[in-house]
Amino acid sequence: MAGAAGYVELLSRCGEARAISRIQAALVTSGRLRRSVELHDALIRALSRSARPHLAHPLYAHLLRAGLLPTPHTLPSLLKSIALSPAATPGAAALAVAVHAHAVKLGLERFLLVSNALIRVHAGILGRLDDGLLLLRTASAVDAASFNTLITAYARAGRAADARKLFDEMPARSAVSWSAMVNGYVQAGDGREALEMFAQMQAEGVCPDDTVLVGVLAACAQHGALEQGKWVHGYLKAHGTRITVFLGTALVDMYAKCGEVQLAMDVFEAMKDKNVLAWTTMIKGLAIHGRGSEALTLFSQMESSGVRPDDIAFIGALCACTHAGLVDKGRELFDSMVRKYGIKPKIEHYGCMVDLLARNGLLGEAKEMIQKMPMKPDALIWGALMAGCRFHKNVELAEYVVKHWILLEPDKSGAYVLLANIYAASGRHNSAREIRHLMREKGVDKTPGCSTVEIRGIIHQFIVGDLSHPRIKDILTKWHEIDSRIRLQEGYIPDKKEVLLDIEEEEKDDALSRHSEKLAIAFALIITSDNMPIRIVKNLRVCHDCHHVTKLISKVYGREIIVRDRTRFHLFKDGSCSCKDYW
DNA sequence: ATGCCCTTAC
């Protein structure tokens with residue numbers, strides 16, 4: 001039998017959880033473990049680096065029961081094992097708190113290794129970010145990893161500004177730090193700032209790694225920044241980088257969300273390892289381009305290739321049905337999810353079904369689905385049903401929906417705006433006005449429409465009614481020209497049904513003409529003279545008038561215009577749209 | 001130490 005030192009040496013080389021557990025059992029049986037802190041340390045350390053780090057937790061209790069005192073080495077390993085445990089590990093959070101208290105009692109919490117491990121536990125499993133920050137500020141020394149962990153944790157919590165503060169005060173920033181920050185902005189939905197961050201990273205000569213490029217691609221996808229996304233792809237090719245499943249999926253997503261579904265497909269087909277995320281990304285990519293049946297074919301291919309769809313893959317497939325009006329197929333999928341795969345539908349799946357049914361005019365069935373579903377409907381569910389009411393001009397049901405929706409989101413404007421829209425579109429202008437007064441009383445604001453257009457790698461942003469653009473005079477002049485040409489050649493009459501403002505008719509024309517996508521298209525027509533397609537990304541869905549106008553512009557000006565709205569794509573060409581007027 | 005897909009509406 002080897003001595004304690006031999007076991008310690010053996011454990012330091014052992015990475016396999018089951019083998020470690022066997023050694024542990026032998027040490028317990030021989031009574032050796034009870035006498036040695038070093039053996040506890042070695043076991044905890046080995047387990048913390050294995051695939052089952054949570055197996056280290058009971059060892060701490062064992063150590064204390066044996067009357068042994070933890071060393072400065074015990075605590076960091078144990079804390080690491082806690083930080084890496086599966087999220088649902090019972091008692092992990094309580095153990096973390098106990099270990100922290102113990103560290104304080106023993107006067108160990110300011111040791112470099114201990115304090116860094118504590119920061120990671122606070123930022124991770126305990127979710128107590130500000131406590132982690134306090135530790136970071138009071139520790140005698142802090143490593144870069146702790147900064148990076150806290151930055152990531154703040155970013156994940158949607159506190160990008162706090163993450164940025166830490167980033168700025170870091171003594172030395174590595175590619176990991178930049179990556180944490182870029183991805184932080186992406187998670188906060190601020191792709192623009194993420195790209196800005198990446199530009200700075202390059203300016204400082206830091207070599208980008210896979211992870212940051214995944215983040216940059218996600219930022220491009222979010223922002224519709226095709227040219228920058230293509231640049232990343234070119235960079236990867238130029239450096240001969242292996243396209244991992246992470247990079248491949250990010251590329252597919254970027255191309256699809258930037259309107260280049262064929263390029264997305266090319267990358268997808270070249271990927272050797274396709275996991276369920278990769279398949280789902282491509283399925284959703286086809287879906288948002290209205291290519292529902294191809295998306296569903298892909299779903300079947302995924303199944304026959306042996307990749308098991310998960311709950312999110314079903315969301316992608318149901319979404320494909322919604323965008324292509326494939327109601328029966330959607331119902332079939334929803335059933336097969338339970339029957340074939342035993343996946344219990346979540347509220348998201350009910351959301352897809354309500355959307356699918358409601359958008360296709362089956363409002364009664366959609367309402368029934370909500371009444372039958374086993375969970376309480378959330379704002380998304382009501383929003384989906386409401387969108388159907390708007391599409392099919394059902395005032396009565398809309399009023400019912402709003403009552404429920406407003407209880408869930410009393411401070412948000414979504415329900416009010418939609419109801420006012422439905423009233424206005426049905427000619428009930430007094431009711432629409434009442435809603436507007438109510439909104440003003442409650443102090444809720446409508447999210448302003450915002451469109452961006454990427455021209456020669458620069459992203460230009462337009463907000464509805466915003467006349468502060470430096471070239472606004474040229475833009476309005478251009479709009480005037482567009483307006484008269486489409487009136488003259490195509491008989492355009494502005495569709496003012498959904499304009500809610502209490503204003504004169506000519507002013508309604510102005511209000512419509514200042515929708516953000518119209519400003520963006522006019523601007524793009526001014527500064528691009530070639531036949532390059534115009535690519536617009538909008539934060540909301542396109543209104544009927546803008547949809548109509550864009551069709552006419554594509555014909556009169558002989559330009560392809562690709563508009564990505566909140567949820568899908570519209571490719572306008574020769575006077576018609578790829579969505580077949582269904583959105 | 002960091003990274004990929006995920007339902008409504010505004």
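A, B, ... follow the sequence lines: proteins, then strands. Residue 1 opens every chain.
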(Q) Ring centroids only, cut at 6.0 angstrom: are A:Phe314 and A:Phe334 within range, meaning strictly under it? (A) no
Q: Please list, chain by chain and in numerical order, all residues satisfying side-chain hydrogen bond (donor to acceptor under 3.5 Å, both in side chains) with A:Asp131, sequence neighbours excluded.
A: A:Arg128
(Q) Tell me whether the rings of A:His544 and A:Phe391 are parallel (<30°), tilted (30 to 60°) or perpendicular (>60°). (A) tilted
Q.
Could you tell me if A:His570 and A:Asp565 have a donor-acceptor pair between their side chains, going purely by distance under 3.5 Å?
A. yes
Q) Are the charged groups of A:Lys284 and A:Asp253 less than 4.0 angstrom apart, N to O? A) no
Q: Report yes if the side chains of A:Val537 and A:Gln222 come closer than 4.5 Å at any heavy-atom pair, otherwise no.
A: no
Q.
Taking any atom closer than 4.0 angstrom to a non-hydrogen atom of chain A, what span of DNA chain B does the protein reach, first nucleotide to last?
A. B:dA1 to B:dC10
**Q.** A:Arg164 side chain reached by A:Met181 side chain, heavy atoms, under 4.5 Å
**A.** yes
Q. Reckon A:Lys538 touches a base, only the sugar-phosphate, or nothing at all at heavy-atom distances under 4.0 Å?
A. nothing
Q) Side chains of A:Ser81 and A:Ser48: is there a donor and an acceptor less than 3.5 Å apart? A) no
Q.
So A:Ser413, base contact, sugar-phosphate only, or nothing? Heavy-atom distance under 4.0 Å.
A. nothing
Q: Looking at every strand, decide which applies to A:Ala145 at a 4.0 Å heavy-atom threshold: base, sugar-phosphate, or nothing.
A: base
Q. So, do A:Leu418 and A:Trp405 sit near enough that their side-chain heavy atoms are less than 4.5 Å apart?
A. yes
(Q) Listing request: all salt bridge (Lys or Arg N to Asp or Glu O under 4.0 Å) pairs with a residue in residues 370-381 of chain A, at least two apart in sequence or in separate chains. (A) none
Q) What is the nucleic acid contact for A:Arg120, judged by heavy atoms within less than 4.0 Å: base, sugar-phosphate only, or nothing? A) nothing
Q) Contacts to DNA chain B from residues 298-316 of chain A, heavy-atom cutoff under 4.0 Å, which residues? A) A:Ile312, A:Ile315
Q.
Could you work out, with salt bridge (Lys or Arg N to Asp or Glu O under 4.0 Å) as the rule, every residue matching A:Lys403, not counting sequence neighbours?
A. none
Q) So A:Trp178 and A:Phe167, would you call those rings parallel, tilted or perpendicular, with 30° and 60° as cut-offs? A) perpendicular
Q. With sequence neighbours excluded, what pairs up with A:Asp273 under the side-chain hydrogen bond (donor to acceptor under 3.5 Å, both in side chains) test?
A. none
Q. Within the structure shown, what part of the strands sits under 4.0 Å from A:Thr567 by heavy-atom distance: base, sugar-phosphate, or nothing?
A. sugar-phosphate
Q: Return each pair, listed once, that meets salt bridge (Lys or Arg N to Asp or Glu O under 4.0 Å) where at least one residue sits in residues 295-321 of chain A; pairs must be two or more places apart or across chains.
A: A:Glu303-A:Lys340, A:Asp311-A:Lys346
Q) Any side-chain heavy atom of A:Phe198 within less than 4.5 Å of one from A:Leu213? A) yes
Q | Between A:Phe268 and A:Tyr255, ring centroids under 6.0 Å | A | no
Q) Does any non-hydrogen side-chain atom of A:Val216 lie less than 4.5 Å from one of A:Gln228? A) no
Q.
Does A:Arg173 reach a base, just sugar-phosphate, or nothing at all? Heavy atoms under 4.0 Å.
A. nothing
Q: Name all residues meeting the salt bridge (Lys or Arg N to Asp or Glu O under 4.0 Å) criterion together with A:Glu365; count only those two or more places apart in sequence or in a different chain, and write none if there are none.
A: A:Arg331
Q.
Any residue in residues 121-128 of chain A with a heavy atom nearer than 4.0 angstrom to DNA chain B? Just list them by number, or reply none.
A. none
Q) Hey, can you pull the residues of residues 277-287 of chain A with a non-hydrogen atom under 4.0 angstrom from DNA chain B? A) A:Leu277, A:Thr280, A:Thr281, A:Lys284
Q) Is A:Leu418 touching bases, backbone alone, or none of the nucleic acid, heavy atoms closer than 4.0 Å? A) sugar-phosphate
Q) In residues 344-368 of chain A, what residues come within less than 4.0 Å of DNA chain B, judged by heavy atoms? A) A:Ile347, A:Glu348, A:Gly351, A:Cys352, A:Asp355, A:Arg359
(Q) Please give me every residue in residues 244-252 of chain A whose heavy atoms get under 4.0 Å of an atom in DNA chain B, ordered by residue number. (A) A:Val245, A:Phe246, A:Thr249
